[in-house]
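Sequence lines set the chain letters: A, B, ... in the order given, protein chains first and strands last, and positions in each chain run from 1.
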Amino acid sequence: MYKKLMLPFLMILLLVFATACSDDKSSDSSGKDGKEGKSDAEQTLKIANDQEPAGLDPHKTPAHSSVRIYSKIYEGLVTFDENMELVGQLASDWEQPDDKTYVFNLVEGVKFHNGREMTADDVKYSFERIMDEKTASHISSYFADIKSIEVMDDNTIKFELEEPNATFLTNLTNSSAAVVAKEVVEENEDLQQVAVGTGPFVFEKWVPDNSVTLIKNKDYHVKDTPKLDRLEYYTMKEEAARLSAIRTGEIDMTTLTSKSAGLLEKDDNVEIKDYQSLEYSYVGFNTENKPFNDEKVRQALSLATDRESIAKVVWDGKAIITGPITPAMGDWAIDVKDEELYMRNIEEAKKLLADAGYPDGFSTTITTASTYADMVDTAQLLQQQWAEIGVKAEIKQIEWGEYIDTWSNKTADILIGRNGSGTDPDRAMNYFFSTEGSANVWNFSDKDYDKLVEEGKRTIDQDERKEIYDKAQKELLELSPNLFLVSPESYVAVRKDVKGYTPRAHNAEDIDQTYKE
Amino acid sequence: MLIPVLFGVSLFIFFVMRVVPGDVAQTILGTDATPASLKQLRENFGLDLPLYQQYLNWMGGVLTGDFGESMRTGKAVLPDILNRFKLTFELTLIAAVISWIISIPLGIIAATKRNSKTDFSLRVVSLLGVSVPTFALATVLILILSLFFSYSPPVGYVGFFENPIKNLEIIILPAIVLGTSMAGAVMRMTRSSILEILRQDFIRTIRAKGAKEKVVIFQHALKNAMIPILTIIGLQIGTLLGGTVIIEQIFSLPGLGQLVLTAITQRDFVVVQGAVLFIAFIFVMINLLVDVLYSYLDPRISYK
């Protein structure tokens with residue numbers, strides 16, 4: 001008997017469900033009106049991101065999807081202003097008694113989001129946590145030069161370095177060099193799920209694979225900042241979904257590729273903001289493997305590469321040709337337009353190949369990540385361009401996790417990728433290309449070059465430093481362990497009613513002064 | 001059956017995850033990591049232990065209901081899976097209902113009007129349903145709605161019990177997409193299965209007795225035709241409950257599929273293992289349910 005009743009009962013239940021769904025469709029317009037009315041009273045900014053944050057611990061998480069969120073919650077000692085000049089953040093000012101010592105005076109009365117006052121002890125604790133091996137922090141190498149940290153009083157702290165280091169202050173601007181509260185770390189073991197900082201926004205909740213919500217820090221130590229009451233980040237991996245959501249106003253802001261930026265240009269309610277990014281695309285060679293151990297081969301490939309057509313085809317013309325330091329770094333970058341190796345010259349390339357012992361070219365494999373369309377497109381263009389000098393390249397597309405593995409284990413001959421050139425030339429030069437550089441996955445080693453970049457790191461005088469890096473860049477282009485291709489523009493689509501927002505290469509999501517009309 | 005299947009799956013996924021190239025520590029720490037911090041992180045995760053020991057540790061936990069903690073977020077895995085499963089379950093259920101509402105009546109109509117124009121056009125439509133991939137349908141739907149109707153589903157997922165109306169507004173579009181694509185197969189199966197039954201002797205007898213066509217179809221033919229239909233539905237539901245990766249991604253839904261996908265790309269072994277084991281369990285349970293329903297539909301089938 002029960003058995004017989006079961007099926008009809010189930011059917012009725014499902015039908016009720018279905019009716020509920022169809023009812024709901026008619027009510028969505030009223031639901032929406034209510035929502036918009038609310039956002040007028042309360043300033044809420046909704047940002048859609050293409051990746052889910054990988055955790056919130058600033059000392060342990062380098063993923064950009066995390067940084068853009070925790071950089072609103074935490075602060076460091078110093079930061080960059082809009083002109084990329086160093087300014088204090090938690091430090092009101094600082095002095096350098098000698099080349100190896102930095103004394104920071106902290107802003108007084110700064111409170112953590114849990115209400116406790118932040119002191120020099122917290123700064124000391126935070127840097128010790130970064131440097132502690134057990135933390136396994138990704139930025140421990142940034143501060144490997146620190147000899148001692150001394151708390152002089154509640155609001156003064158002294159850092160002593162082993163050697164003079166011109167990158168120390170710029171490394172402090174990194175969002176991961178954040179000041180955290182000891183008791184919160186101890187209570188939660190780590191900070192991946194909780195976040196208690198001193199920044200303009202307070203962490204409210206994280207719904208995995210969906211959203212992170214931050215609310216305004218009413219006790220923020222900078223006056224009248226921030227203007228927004230709520231900041232909601234949504235993970236929307238599908239670009240079509242982000243496009244449709246910004247068109248209809250479901251979200252207020254999102255990053256875009258150059259191709260979709262074109263699609264939104266005609267929309268009256270959306271404004272496209274662009275800026276020159278700090279990223280560049282590259283071709284990396286394993287300089288220990290034949291034939292790439294011969295610099296003539298690498299130079300020949302540089303001569304066979306048409307960078308302009310890469311900018312045109314892969315980035316719709318919205319990219320500029322670059323050396324190892326991108327033009328967005330201002331004066332630090334050298335002008336590469338007139339570099340001999342950047343002028344396409346098939347004859348010369350063939351000659352170089354013949355000199356190296358490959359008069360008929362050779363066969364090779366280009367490895368790239370299928371995750372990023374621009375990398376695959378770049379690989380395909382290079383395949384065509386290099387064919388003209390007899391280099392027959394096969395393209396191997398791999399998934400991102402495997403790509404990172406290939407990268408770090410140096411198992412590819414040629415790798416196509418994108419790097420960030422950082423905010424200090426030391427990163428672009430030392431970190432990727434010095435013999436001991438932790439991201440030198442090219443087996444590249446040149447004593448003169450090493451000397452130059454080490455000197456650059458230890459030279460405090462800016463003009464002298466620039467001269468050194470100019471020289472180092474020229475040398476790197478000549479040796480070509482990587483072929484530096486182009487630096488793309490980045491795009492942010494913003495609803496027209498969002499005001500006070502200007503993206504910049506070193507701080508693309510500076511929304512401290514942003515508000516909605 | 002349950003135990004050996006789950007044991008096999010657990011062994012399989014555990015070793016597959018270890019064979020797949022890619023290192024969780026490197027994926028987490030990125031390009032700035034030093035060898036020392038990478039080593040430390042691997043130790044923290046117990047990845048330095050011998051494989052058999054890692055497997056035993058994991059299985060020991062699973063048997064006591066502890067699926068471990070995510071390497072990425074440090075969150076307990078099982079509660080997270082169950083939480084995600086709620087959404088996936090709801091989505092599957094609504095999609096299935098939509099698919100039945102469309103497919104079974106249309107399948108019956110096509111069967112009773114065999115070789116007519118109606119039958120022919122319904123068959124074309126069902127073929128479309130089977131062959132248009134869900135991601136294409138979903139993307140086109142999103143584009144049409146936003147371009148011509150200025151509508152896009154609300155962002156920010158809420159559970160059914162928190163805010164049922166908003167929840168359904170979020171779920172309905174993906175459910176329609178999944179439902180229509182499921183409907184094609186079910187409709188074809190309904191049609192052919194009913195046609196086959198209608199050719200049988202007992203139907204002729206019933207018709208000879210003067211029963212109305214309605215009675216013939218609904219009381220006699222449909223119930224007997226349900227077994228193959230149910231098999232297809234069971235398989236479809238089992239697959240959907242395993243997470244509708246693409247649809248969840250396109251509609252930004254935090255379901256089981258997204259959990260697995262993110263975990264795989266980040267090489268979060270613990271989450272992948274736990275989720276795959278859970279999905280296998282659900283699949284086995286759905287098959288069990290389908291078997292039980294068989295014996296309800298056809299009392300001659302019994303399980304002893």
Side-chain angles (χ1 to χ4, degrees), chain A residues 3 6-7 14-15 17-18 20-21 24-25 27-28 31-32 35 46 48 52 54-55 60-63 133-142 189-190 192-193 207-211 232 234-238 240-241 243-245 247-248 250-251 399-402 404-408 438-439, chain B residues 20-23 25-34 36-38 40-41 44 72-75 80 84 93-94 96-98 100-101 139 142-143 145-147 150-157 164-166 168-169 171-172 175 249-255 258-259 262 264-267 296:
Chain A
K3 226 171 151 191
M6 194 58 179
L7 208 61
L14 294 175
L15 269 175
F17 231 126
C21 300
D24 154 64
K25 279 229 100 177
S27 70
D28 62 32
K32 253 192 165 166
K35 224 179 310 164
K46 296 179 172 183
E52 168 76 355
K60 291 184 176 185
T61 324
E133 261 187 20
K134 283 207 185 75
T135 313
S137 173
H138 60 282
I139 52 162
S140 59
S141 63
Y142 285 30
E189 286 179 21
D190 73 14
Q192 296 291 27
Q193 298 292 317
V207 182
D209 273 325
N210 190 248
S211 65
E232 295 174 1
Y234 292 96
T235 305
M236 300 174 81
K237 293 182 185 163
E238 190 67 24
L243 279 182
S244 114
R247 272 195 189 115
T248 59
E250 272 297 332
I251 55 164
E399 170 270 348
W400 189 245
E402 193 183 348
I404 297 269
D405 219 38
T406 308
W407 181 91
S408 64
S438 41
Chain B
V20 171
D23 169 20
Q26 187 81 54
T27 318
I28 290 178
L29 291 180
T31 54
D32 283 318
T34 58
S37 48
L38 288 173
Q40 179 70 43
L41 201 60
N44 293 356
R72 176 173 65 121
T73 60
K75 266 184 152 177
D80 209 17
R84 305 293 189 105
L93 201 68
I94 298 179
V97 172
I98 291 175
W100 300 336
I101 292 175
T139 318
I142 285 186
L143 279 179
L145 286 176
S146 79
L147 283 176
S150 288
Y151 174 79
S152 66
V155 292
Y157 179 72
I165 294 196
K166 191 176 172 196
L168 288 173
E169 193 183 347
I171 293 277
I172 192 71
Q249 171 142 343
I250 293 179
F251 289 96
S252 317
L253 297 173
Q258 287 263 38
L259 179 76
T262 313
I264 290 177
T265 44
Q266 308 218 347
R267 299 292 186 271
Y296 165 79

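- For the residue pair B/Pro153 and A/Glu250, the shortest heavy atom distance occurs at O-CG, 3.8 Å.
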Could you go through B/Gln258 and B/Leu253, starting from their C-alpha distance and side-chain angles, then the distance that decides it, and tell me whether this counts as side-chain contact (heavy atoms from CB on, under 4.5 Å)?
CA-CA 8 Å; B/Gln258 287 263 38; B/Leu253 297 173; 5.7 Å; no
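- Per-residue heavy-atom pair counts under 4.5 Å with chain A were compared for B/Gly156, B/Ala175, B/Ala96, B/Ala36, and the maximum is reached by B/Gly156.
- Interface remark: A/Ser137 contributes backbone atoms only to the contact with chain B (heavy atom separation under 4.5 Å).
- Ranking A/Gln192, A/Glu399, A/Glu52 against chain B, the residue ahead of the rest is A/Glu399, based on heavy-atom pairs under 4.5 Å.
- Considering every non-hydrogen atom in both A/Glu402 and B/Arg267, the closest pair reads N-NH2, 3.4 Å.
- Of all the listed residues (A/His138, A/Glu232, A/Glu189), the one sharing the greatest number of non-hydrogen pairs under 4.5 Å with chain B is A/His138.
- Across every non-hydrogen atom of A/Ala241 and A/Met236, the tightest pair is O-CE, 3.6 Å.
- Between A/Asp209 and B/Arg84 there is a salt bridge, since at least one side-chain N of the basic residue sits less than 4.0 Å from a carboxylate O of the acidic one.
- Listed options A/Leu243, A/Thr135, A/Thr235, A/Asn210 were ranked by heavy-atom pairs under 4.5 angstrom with chain B; first place goes to A/Asn210.
- By the side-chain contact (heavy atoms from CB on, under 4.5 Å) test, B/Ala25 pairs with B/Asp23, B/Leu38, B/Leu41, B/Arg42, sequence neighbours left out.
- Annotation: maximal heavy-atom pairing with chain A below 4.5 Å, among B/Ile264, B/Thr262, B/Asn44, occurs at B/Thr262.
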With side-chain contact (heavy atoms from CB on, under 4.5 Å) as the test, would you mind laying out the steps for B/Ile142 and B/Phe251 before giving the verdict?
CA-CA 9 Å; B/Ile142 285 186; B/Phe251 289 96; 3.9 Å; yes
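- Contact of A/Ser140 with chain B is made through the side chain alone, with heavy-atom distances under 4.5 Å.
- Evaluation of the side-chain contact (heavy atoms from CB on, under 4.5 Å) rule for B/Ser37 yields A/Ala136, B/Leu29, B/Ala33, B/Thr34 as partners, not counting sequence neighbours.
- Of the listed residues (A/Pro208, A/Ala48, A/Gly55, A/Ala439), the greatest number of heavy-atom pairs within a distance under 4.5 Å of chain B belongs to A/Pro208.
- Neither the backbone nor the side chain of A/Ile139 comes within contact range of chain B, judged by heavy atoms closer than 4.5 Å.
- Contacts between B/Leu143 and chain A at a heavy-atom distance below 4.5 Å involve the side chain alone, from C-beta outward.
- Only the side chain of B/Thr139 comes within contact range of chain A, judged by heavy atoms closer than 4.5 Å.
- Heavy atoms closer than 4.5 Å to chain B are found nowhere in A/Ala63, neither backbone nor side chain.
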